[in-house]
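These notes are about the structure you will find just below.
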Amino acid sequence: MSGAGATPLFEARGLTKRFQGLVSVDAVSFVLTPGEILAVIGPNGAGKTTLVNMISGTLTADEGDLVFDGGAIGKLPPYRRAHLGIGRTFQVMKPFVGLTALENVAVGALFGFGGGQRSMHAAREHAREWLAFVGLGERADQKAGALSGPDRKRLELAKALALRPRLLLLDEVMAGLNAVEVEEVVGVIRQIRERGITILIIEHIMKAVRSLADRVLVLHHGKQIAEGDTATVFDDPKVIEAYLGKRRQ
């Protein structure tokens, strides 16, 4: 985790998104400093994925500002944000099922930070490294459509990492995994942070959040109801009532 007072890598200022009059995200503001992990939690429908979509450029905010590395990015298309170093995973995995795992990740390598790798050979080598990193090295030549659900999760992560992100947005990368698989992904995420990558993670598995997050941001009905270190946030009566309940995970 970066020290207090570090210059923010990313800032969200009053982000708001409406869908046909329904406010999905309501004036959310926070900062991310280099090397930290921020967990975004909240009930289903709280606006978490909408928030990530606005950061990555899949959606445009109706109000508010997005600042990355000191520059405004709110009007940039997703590919420009990827070139700046913002990578993401998707909650609903949609690999190129007819391509191999290696080819899927090579696509990300060709498209990432600074414009991506300049040759297919370099992209494939880069992709092979990230597949090994997430534990899919032996499945590099397997068709993505034949991978199991957990392996598709790993493939999604490798695709995002191949972009060489400075900020990585993880949308429920542990959903549907068993306890052993969750621990493995937690270990991979720790290694990602050790490489200096800043992480925003949406997650419902509170054991993983406690283990990984430096800070936690809680959304409820699109509103930001709490933000701070994990112990403080998890003891907040508003958070317990809105999300955690009496029985904690």
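This one's a predicted model, so the numbers in the text were calculated from it and none came from an experiment. By convention here, the first residue in the shown sequence is residue 1.
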* With hydrophobic residues grouped by side-chain heavy-atom distances under 4.5 Å, do F234 and Y243 end up in a single group? -> yes

* **side chain to side chain contact (heavy atoms under 4.5 Å, CB included) assessment of Q224 paired with V218** => CA-CA 6 Å; Q224 181 174 343; V218 187; over 6 Å; no

* In terms of hydrophobic clusters joined by side-chain contacts under 4.5 Å, are I225 and V28 together? -> no

* Asked: For V186, what residues pass the side-chain contact (heavy atoms from CB on, under 4.5 Å) criterion, not counting sequence neighbours?
  -> M174, V182, R190, A208, S211, L212

* Shortest non-hydrogen separation from L147 to A101 and the atoms involved -> CD1-CB, 4.5 Å

* Nearest heavy-atom pair of G57 and P78: which atoms, and what distance? -> O-CG, 3.3 Å

* Which residues pass the salt bridge (Lys or Arg N to Asp or Glu O under 4.0 Å) test with E103, sequence neighbours left out? -> none

* Hey, what do you get for NE2 (H221) to CG (D26), rounding to the nearest 0.5 Å? -> 12.0 Å

* Look only at the side chain of R152 and the backbone of M93, and say whether a donor-acceptor pair between them is shorter than 3.5 Å. => no

* Those residues that, when tested against E184, pass salt bridge (Lys or Arg N to Asp or Glu O under 4.0 Å) (two or more places apart) -> R154

* To do: Give every residue pair that meets the side chain to side chain donor-acceptor pair (under 3.5 Å) criterion with at least one member in residues 133-143, sequence neighbours excluded.
  => R139-D151

* ring pair (Phe, Tyr, Trp, His ring centres under 6.0 Å): which pairs involve residues 131-177, sequence neighbours left out? -> W130-F133

* Asked: Do you know which two heavy atoms are closest between S119 and L110, and how far apart they sit?
  -> O-CD2, 3.9 Å

* **L169 reachable from L59 in the ILVMFWY side-chain graph, under 4.5 Å edges** => yes

* Between R164 and H126, does a side chain to side chain contact (heavy atoms under 4.5 Å, CB included) hold up when you go through it step by step? -> CA-CA 10 Å; R164 295 189 297 156; H126 191 64; 3.5 Å; yes

* Structure fact -> For T60, the side-chain hydrogen bond (donor to acceptor under 3.5 Å, both in side chains) test, sequence neighbours excluded, returns none

* Inter- and intrachain pairs under salt bridge (Lys or Arg N to Asp or Glu O under 4.0 Å), touching residues 63-84, at least two apart -> R18-E63, D69-R166

* To do: Supply the atom-to-atom distance D214 CG to T33 OG1, rounded to the nearest 0.5 angstrom.
  => 7.5 Å

* Is the shortest heavy-atom distance from the side chain of V105 to the side chain of L155 under 4.5 Å? -> yes

* **Candidates V92, I202, I205 - the one meeting side-chain contact (heavy atoms from CB on, under 4.5 Å) with E172** => I202

* Is it true that L32 and I201 fall in one hydrophobic cluster, defined by side-chain heavy atoms closer than 4.5 Å? -> no

* Asked: Just wondering, do F96 and V107 contact through their side chains at under 4.5 Å, heavy atoms?
  -> yes

* To do: Please name the pair of heavy atoms, one in A158 and one in L131, separated by the smallest distance, quoted to 0.1 Å.
  => CB-CD2, 4.2 Å

* Asked: Between D229 and R215, does a side chain to side chain contact (heavy atoms under 4.5 Å, CB included) hold up when you go through it step by step?
  -> CA-CA 4 Å; D229 63 83; R215 290 185 298 118; 5.6 Å; no

* Separation of L219 CG from E227 CD (nearest 0.5 Å) -> 10.0 Å

* With side chain to side chain contact (heavy atoms under 4.5 Å, CB included) as the test, would you mind laying out the steps for L177 and V185 before giving the verdict? => CA-CA 9 Å; L177 303 184; V185 174; 3.6 Å; yes

* Is any side-chain heavy atom of L76 less than 4.5 Å from a side-chain heavy atom of L84? -> yes

* Asked: Does anything in residues 14-63 pair up under ring pair (Phe, Tyr, Trp, His ring centres under 6.0 Å), and if so which pairs, sequence neighbours excluded?
  -> F10-F30

* Smallest separation among heavy atoms of S29 and G14, with atom names -> OG-N, 2.7 Å

* Determine yes or no for a side-chain-to-main-chain donor-acceptor pair under 3.5 angstrom, with E183 supplying the side chain and V180 the backbone. => no

* Quick one: ring pair (Phe, Tyr, Trp, His ring centres under 6.0 Å) pairs with a partner in residues 41-81, sequence neighbours left out? -> Y79-H83

* To do: Could I get the full list of side-chain hydrogen bond (donor to acceptor under 3.5 Å, both in side chains) partners for Q191, not counting sequence neighbours?
  => none

* Asked: In terms of side-chain geometry, is the basic nitrogen of K159 or E156 positioned less than 4.0 Å from the acidic oxygen of its partner?
  -> yes

* Under the 3.5 angstrom rule, does the side chain of T198 hit a backbone N or O of L167 as a donor-acceptor pair? -> no

* Just jot down the salt bridge (Lys or Arg N to Asp or Glu O under 4.0 Å) partners of K17, sequence neighbours excluded, or say none. => D62

* Check whether any side-chain N or O of T16 sits under 3.5 Å from a backbone N or O of A27 as a donor-acceptor pair, and report yes or no. => yes

* **Pairwise distance CD1(I197) to CG(L161) - rounded to 0.5 angstrom** => 5.5 Å

* Asked: Do you know which two heavy atoms are closest between A144 and N104, and how far apart they sit?
  -> CB-ND2, 3.5 Å

* L170 side chain near L168 side chain, heavy-atom distance below 4.5 Å -> yes

Side-chain donor-acceptor pairs under 3.5 Å in residues 37-55, sequence neighbours left out?
unit_1: N44; atom_1: OD1; unit_2: H204; atom_2: NE2; d: 3.3
unit_1: K48; atom_1: NZ; unit_2: G42; atom_2: O; d: 3.0
unit_1: K48; atom_1: NZ; unit_2: P43; atom_2: O; d: 2.9
unit_1: T49; atom_1: OG1; unit_2: Q91; atom_2: OE1; d: 3.2
unit_1: T49; atom_1: OG1; unit_2: D171; atom_2: OD1; d: 3.4
unit_1: T49; atom_1: OG1; unit_2: D171; atom_2: OD2; d: 2.9
unit_1: T50; atom_1: OG1; unit_2: S24; atom_2: OG; d: 3.2
unit_1: N53; atom_1: OD1; unit_2: R88; atom_2: NH1; d: 2.6
unit_1: N53; atom_1: OD1; unit_2: R88; atom_2: NH2; d: 3.3
unit_1: N53; atom_1: ND2; unit_2: T49; atom_2: O; d: 3.4

* Taking atom OG1 of T58 and atom CZ of F90, what is their separation to the nearest 0.5 Å? -> 4.5 Å

* Same apolar cluster: L200 and F113, side chain cutoff 4.5 Å -> no

* Asked: Counting only N and O atoms by type, is there a donor-acceptor contact under 3.5 Å from the side chain of E181 to the main-chain atoms of N178?
  -> yes

